[in-house]
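Comments concern the structure below.
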2 protein chains.
Amino acid sequence: MKLDARQIETRTQELYEKLRAAGLKVTLQRLAVYRVLLQSHGHLTAEQVHQAVARDNPALSLSTVYNVLETLVKIGAIGEITTDGGTKLFDRTPGDHHHFIDTETGEVIDLDDSAGVKLDLNALARRGFAVEGAKLTVYGRRKK
Amino acid sequence: MKLDARQIETRTQELYEKLRAAGLKVTLQRLAVYRVLLQSHGHLTAEQVHQAVARDNPALSLSTVYNVLETLVKIGAIGEITTDGGTKLFDRTPGDHHHFIDTETGEVIDLDDSAGVKLDLNALARRGFAVEGAKLTVYGRRKK
DNA sequence: GTCTAATTAGGAATAATTCTTGATTGACTA
DNA sequence: TAGTCAATCAAGAATTATTCCTAATTAGAC
Ligand SMILES: [Mn+2]
Ligand SMILES: [Mn+2]
Ligand SMILES: [Zn+2]
Ligand SMILES: [Zn+2]
């Protein structure tokens with residue numbers, strides 16, 4: 001699912017705020033990398049980000065992409081997930097949320113609250129596990 | 001949680017059967033690597049397996065450890081998980097199951113059925129997702 | 001015991017990520 | 001608006017986990 005123009009605008013404003021709040025500079029490189037993620041389907045490798053960024057901005061180096069992505073993760077502007085194969089993906093959406101991975105296409109889809117995943121970890125707490133967070137990955141095929 | 005001697009014996013028999021069923025040879029290296037995992041707390045990196053194996057078997061090379069682990073995964077004798085940091089861990093227990101990761105110690109603990117995790121994915125199916133499997137990772141601290 | 005395909009040891013190759021360093025620049029100041 | 005400087009960036013080297021390659025060894029069939 002792609003974001004519409006309005007959502008991208010809102011998220012871009014948020015980036016300015018988060019950078020300022022962290023005392024970091026607003027640079028062309030940070031904006032470019034962030035926008036690539038916002039405009040994507042949601043989950044990209046560093047290399048994919050670099051390629052997409054390079055279309056408009058061929059001078060932006062891969063190590064800068066890594067640098068910027070790390071910074072954006074640190075200030076909570078984006079997220080980061082690691083798939084079973086070990087591939088690291090940068091995630092348009094920060095914060096804990098669940099994923100569906102299509103076993104045929106490899107596509108990664110966010111499962112937000114409306115997706116209807118019911119997860120109850122209360123019994124864990126009663127057994128001495130202090131739960132701080134949880135990540136679920138569902139595998140299968142998306143029909144139609 | 002470590003396995004007791006009886007469980008290790010049973011699992012070792014299973015390895016013989018799985019290797020035979022797959023038409024593969026029973027080698028000293030395969031037995032040694034498998035036993036290290038059975039005797040561990042459950043989840044080890046390839047390097048940790050190599051170090052543990054090297055105590056009794058210093059000639060067993062790291063590339064053989066990788067080879068053997070891959071074979072054991074392929075025949076379903078062990079499992080493989082990738083943590084959020086990207087670390088690949090080989091898992092004494094094959095098949096889909098959930099994990100708890102202690103955010104303080106890094107320890108990985110299996111959550112079997114008795115742990116009381118309740119997961120309901122039926123609503124997903126109604127929304128066009130054909131579920132084949134699911135992996136949950138819970139983060140937090142184990143008390144006491 | 002012989003034979004042969006499977007397996008192993010050792011090292012080279014690969015690939016993703018991180019590190020290092022000198023050049024560049026965003027943002028504050030006057 | 002220009003000066004200043006710490007923050008940031010580009011480029012490439014280094015690192016590290018994993019995979020690949022190949023000649024020597026060996027399990028298991030006969
Ligand atoms: Mn997401
Ligand atoms: Mn397990
Ligand atoms: Zn996501
Ligand atoms: Zn496990």
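The shown structure was predicted, so the numbers you read here are calculated from the model rather than taken from an experiment. A note on names: the letters A, B, ... follow the listed sequences, proteins ahead of strands, and every chain is numbered from 1.
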Q: In plain terms, say whether A:E14 and A:R11 are close enough for a salt bridge, that is, a side-chain N and a carboxylate O under 4.0 Å apart.
A: yes

Q. Which listed nucleotide (C:dT7, D:dT8, D:dC9) is nearest to the side chain of A:L24?
A. D:dT8

Q) Roughly how many Å is it from CD in A:Q48 to P in C:dA16, rounded to a whole number? A) 11 Å

Q.
Without decimals, in angstroms, what is the distance between B:N57 CG and D:dT26 P?
A. 12 Å

Q) In terms of side-chain heavy atoms, does A:Y139 have a donor or acceptor partner in B:D96 at a distance below 3.5 Å? A) no

Q: Return the value, rounded to whole Å, for the distance between atom CG of B:L60 and atom P of C:dG10.
A: 10 Å

Q: Check the side chains of B:E17 and B:Q13 for a donor-acceptor pair under 3.5 angstrom, ignoring hydrogens and angles.
A: no

Q.
Nearest to the side chain of B:K88, heavy atoms from C-beta on, is which of D:dT19, C:dA5, C:dT8?
A. D:dT19

Q. Nearest to the side chain of B:K25 - C:dA6, D:dC9, D:dT8?
A. C:dA6

Q | Separation of atom CD in B:E70 from atom P in C:dT7, rounded to whole Å | A | 12 Å

Q.
From C-beta outward on B:S63, which listed nucleotide comes closest to its side chain: C:dT8, D:dT18, C:dG10?
A. C:dG10

Q.
What's the closest nucleotide to the side chain of A:A46 if the choices are C:dG10, C:dT17, D:dT18?
A. C:dT17

Q: Taking only the side-chain heavy atoms of B:V26 (C-beta and beyond), determine which of C:dT8, D:dG28, C:dT18 contains the nearest atom.
A: D:dG28

Q) For A:T27, which contact category applies under a 4.0 Å heavy-atom criterion: base, sugar-phosphate, or nothing? A) sugar-phosphate

Q: Determine, using ring centers only, whether B:H41 and B:H43 are less than 6.0 Å apart.
A: no

Q | Spacing of B:N67 atom CG relative to C:dG11 atom P, expressed in whole Å | A | 16 Å

Q) Can you tell which of C:dT7, C:dT18, C:dA9 lies closest to the side chain of B:Q29? A) C:dA9

